[in-house]
Structures are given as C-alpha cells and as structure tokens.
*Asks:* 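Have a look at this one before I ask anything.
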Amino acid sequence: MSLKVYIDGKLVEKDKAKISVFDHGLLYGDGVFEGIRSYKSLVFKLKEHIDRLYESAHTIMLDIPMSKAQMTKAVINTLKANKLKDAYIRVLITRGVGDLGLDPRKCKKASIIIITDNIVLYPKELYQKGLEIITVPTVRNLSSAVDPQIKSLNYLNNIMAKIEAINSGYQEAIMLNSMGFVAECTGDNIFMIKNKQLYTPPQSMGTLRGITRDAVIAVAKGAKIQTHENILTRHEIFNADELFLTGTAAEVIPVVKVDSRKIGNGKPGKITLQLLKEFNEITRKEGVKYKV
Ligand code: PXG
C-alpha cells in the first residue's frame, strides 16, 4: 500500500499528492508548518503543535480554512489511513494559488497538507557518543525581520547554517544572533548544564520556543534541577559541564565538542542522559491516543 497524503480534505496517493506551481508556498515560501511525532499510537504534544501552527499563521495573516478541532481530526485520520503507530507528521499550510506577484490577496484559499511517514531515526551511536558541532557565520534571523517563532516555509536561514556546517564536515551548527549570543541550532534548541543547573537561551535571543525544549524544562523541574533562560555566550558553551540539543526529530541528543573545544569530559553527561531517559519515558506515556 502506498502512502496517503492529506491535501485539502482528501487523502490521495503519494504519487498523486501535488500542488500548483502558482502556489505561493512554492513561489515565495509563503506558508507555515509544524513537525510532530507519534510514539506507539500517541501523538506527542499535539495541542501544543497545533496551537503553534495557528499562531504562526495568525502572524502572517494566513487564514487556515479549518478549526483546530478539525485539524486535530485530520492529523489523526491521516495517521490511521497509513496505519502508522510511530510516525513523523508534517503539517503545512500554504498561502495557496495566486499569480506571480507577491500580493497574498491574490491567493483565494490556503492549502492544507498533512504528510505522515515512518520516522527516520538518527543513528543510535550519535546518542551514545554525542555530536560534534560548530558555530557558523550565518546569524539567526532577527526577530524584528522574520521572527524565528514563525515556523515559516522559508527555512533558508537555517539551511544556510546547515550548509556551512556540512562544508566543514559537521552535521549540525550553532547559530548565533546578530549580537553574537547563542540562539539555537538549525533545527534544534540548545541547552547546557553548569554546576548541576540547566541553562537555555530565552526567546528574545532569536530562539524558537521549541516544544521539546518546553517538555525538557518540565522534566528538569520535576527532577528538581534548577533551570534558567539566560543569555549564553560561546565562552559559556565551551566551558559547560554538559551540552545537548532538543527537537521533535532529534529528541534529546548529547553534544561533546563545539568548535574543537571538548565539552566536560568529552562524553555525554550524566544529567543529559537522565533527561534523555525521562523524556523518552514521557513520549511513550503521554499524548493524544489513536487506533490504527
Ligand atoms: N529550532 C528550530 C529552528 C526548529 O526548526 C526546533 C528548534 C525544535 O522545536 P520543537 O518544537 O520540534 O522541539 C525546531 C524544530 C528536522 C526538522 O528534520 C526540525 C525542525 C523543523 C524542520 C525539520 O530535524 N524543527
């Protein structure tokens, strides 16, 4: 059975899942998206993802032609149609079909696309050995230009940083903001442990308020680990006891080297591994249940 994709109310075969070349999502990256996961027939933080999707759309004045309750149903129905228990879910809202000009008023109706697929996991050894990453020249978008809270279909800012990492032989990059403070990675948030306390940059640094980030902060608070949203410099990152990244795709992944500086003892840290374990427990326990 081939994969079915939801497009504007219909489930269509993957090969037939197509949109117009006049869609402003393609012409201008004019649209928004979410990346969501399900674990063992539980969609993790579905409400939070849908709320963030509607907030992104609200800011760009994109009217999603369905309610949040209908969106929730559409996501679940797409998972069911594909009999997926552990899935990566991509919801996209494009501005829709318009003409070749920028004017979004020419686009009469937004398109809703829901893609569900098997999740491609990162190699297990990355979680055991930890990642080596670098800082890159491309700075994170200014909040006053394109706010990183908007998960827009234009991810060039992040892709530029990813290319710079890849060109230097690394898989992931730390993006700094225009002031030189740590913002986040290309598709993940960053955390450090120093003296048994947890630190991550605040939204005002050009950091996306990740849903995994919030979940990890909640886990840390539950474990009585003091947590802070603080400005972080490269110096502070280099001298962290432990470092890790969080994101829907990566979950919690340890970092052991930044710009050739060893972090802590060069191995994934104890608190990181504890948070990783507890996070994995909640993803298998909490969420919106569905039957396939
Ligand atoms: N920062 C950025 C810039 C992101 O795009 C996160 C942090 C983590 O947020 P959540 O809510 O997922 O904890 C993201 C999320 C991928 C991929 O394939 C990841 C994201 C977007 C698109 C693709 O790794 N990002």
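Numbering of ligands and ligand atoms starts at 1, following listing order. All residue numbers refer to positions in the sequence shown, counting from 1. Everything quoted here is computed from the prediction, not taken from an experiment.
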*Asks:* Compute the shortest N/O to N/O distance between Glu184 and ligand 1 and return yes if it is under 3.5 Å, no if not.
*Replies:* yes

*Asks:* Verify the distance criterion only: is there a donor paired with an acceptor across the side chains of Glu251 and Thr283 at less than 3.5 Å?
*Replies:* no

*Asks:* If we only count N/O pairs under 3.5 Å, is Thr248 in contact with ligand 1?
*Replies:* yes

*Asks:* Given that the side chain starts at C-beta and the backbone is N, CA, C, O, which of these parts of Thr207 lies under 4.0 Å from ligand 1, counting heavy atoms, or is it both or neither?
*Replies:* neither

*Asks:* Give the residue and atom name of whichever protein heavy atom lies nearest to atom 21 (C) of ligand 1, and the separation in Å to one decimal.
*Replies:* Lys151 NZ, 3.5 Å

*Asks:* Closest non-hydrogen protein atom to atom 17 (C) of ligand 1, residue and atom name please, with distance?
*Replies:* Tyr88 OH, 4.2 Å

*Asks:* Check this for me: does any side-chain nitrogen of one of Glu229 and Arg209 sit under 4.0 Å from a carboxylate oxygen of the other?
*Replies:* no

*Asks:* Kindly say whether Ile36 contributes a backbone atom to a donor-acceptor pair with the side chain of Thr248 at under 3.5 angstrom?
*Replies:* no

*Asks:* Which class fits the ring pair Phe44 and Phe279: parallel under 30°, tilted 30 to 60°, perpendicular over 60°?
*Replies:* perpendicular

*Asks:* Who's the nearest protein heavy-atom neighbour of atom 24 (O) of ligand 1, and how far?
*Replies:* Ala249 CB, 3.6 Å

*Asks:* Has the side chain of Asn82 got a donor or acceptor atom that lies under 3.5 Å from a matching backbone atom of Lys4?
*Replies:* yes

*Asks:* Does Glu281 pair with Lys277 as a salt bridge, N-O distance under 4.0 Å?
*Replies:* yes

*Asks:* Of all the atoms in ligand 1, which lie at a distance below 4.0 Å from a heavy atom belonging to Thr186?
*Replies:* 3 (C)

*Asks:* Please classify the Arg140 to ligand 1 contact at 4.0 Å (heavy-atom distances, strictly less than): side chain, backbone, both or neither.
*Replies:* side chain

*Asks:* Are any of the N or O atoms of Arg52 closer than 3.5 Å to those of ligand 1?
*Replies:* yes

*Asks:* Would you say the side-chain atoms of Tyr155 pair up with the backbone N or O of Gly29, donor to acceptor, closer than 3.5 Å?
*Replies:* no

*Asks:* Look at the side chain of Asp188 and the backbone N and O of Leu245, then say whether any donor-acceptor pair between them is shorter than 3.5 Å.
*Replies:* no

*Asks:* How far is atom 14 (C) of ligand 1 from its nearest protein heavy atom, and which residue and atom is that?
*Replies:* Gly187 O, 3.3 Å

*Asks:* Counting from 1, what ligand 1 atoms have a heavy atom of Gly210 closer than 4.0 Å?
*Replies:* 9 (O), 10 (P), 11 (O), 13 (O)

*Asks:* List every atom of ligand 1 that sits less than 4.0 Å from any heavy atom of Asn158, numbering the atoms from 1 in the order shown and giving each element.
*Replies:* 3 (C)

*Asks:* Taking the basic N atoms (NZ, or NE/NH1/NH2) and the acidic carboxylate oxygens, is any pair closer than 4.0 Å for Arg90 and Glu34?
*Replies:* no

*Asks:* Go through ligand 1 atom by atom and flag the ones less than 4.0 Å from a non-hydrogen atom of Phe33.
*Replies:* 21 (C), 22 (C)

*Asks:* Give a yes or no answer on whether the side chain of Glu172 reaches the backbone of Leu131 with a donor-acceptor pair at less than 3.5 Å.
*Replies:* no

*Asks:* Where's the contact between Leu208 and ligand 1, heavy-atom distance under 4.0 Å: side chain, backbone, both or neither?
*Replies:* side chain

*Asks:* Within a distance under 4.0 Å of any heavy atom of Asn189, pick out the atoms of ligand 1 and give their elements.
*Replies:* 7 (C), 8 (C)

*Asks:* Answer side chain, backbone, both or neither: which part of Glu251 comes under 4.0 Å from ligand 1, heavy atoms only.
*Replies:* neither

*Asks:* What are the atoms of ligand 1, with element, lying closer than 4.0 Å to any heavy atom of Arg90?
*Replies:* 22 (C), 23 (C)

*Asks:* Hey, what do you get for OG1 (Thr94) to CG (Leu62), rounding to the nearest 0.5 Å?
*Replies:* 7.5 Å

*Asks:* Any N/O of Tyr155 closer than 3.5 Å to an N/O of ligand 1?
*Replies:* yes

*Asks:* Just need the protein heavy atom nearest to atom 13 (O) of ligand 1, so name the residue and atom and give the distance.
*Replies:* Thr212 OG1, 2.6 Å

*Asks:* Closest non-hydrogen protein atom to atom 11 (O) of ligand 1, residue and atom name please, with distance?
*Replies:* Ile211 N, 2.7 Å

*Asks:* Tell me whether Glu184 is salt-bridged to Arg213, with the criterion being a basic N under 4.0 Å from an acidic carboxylate O.
*Replies:* no

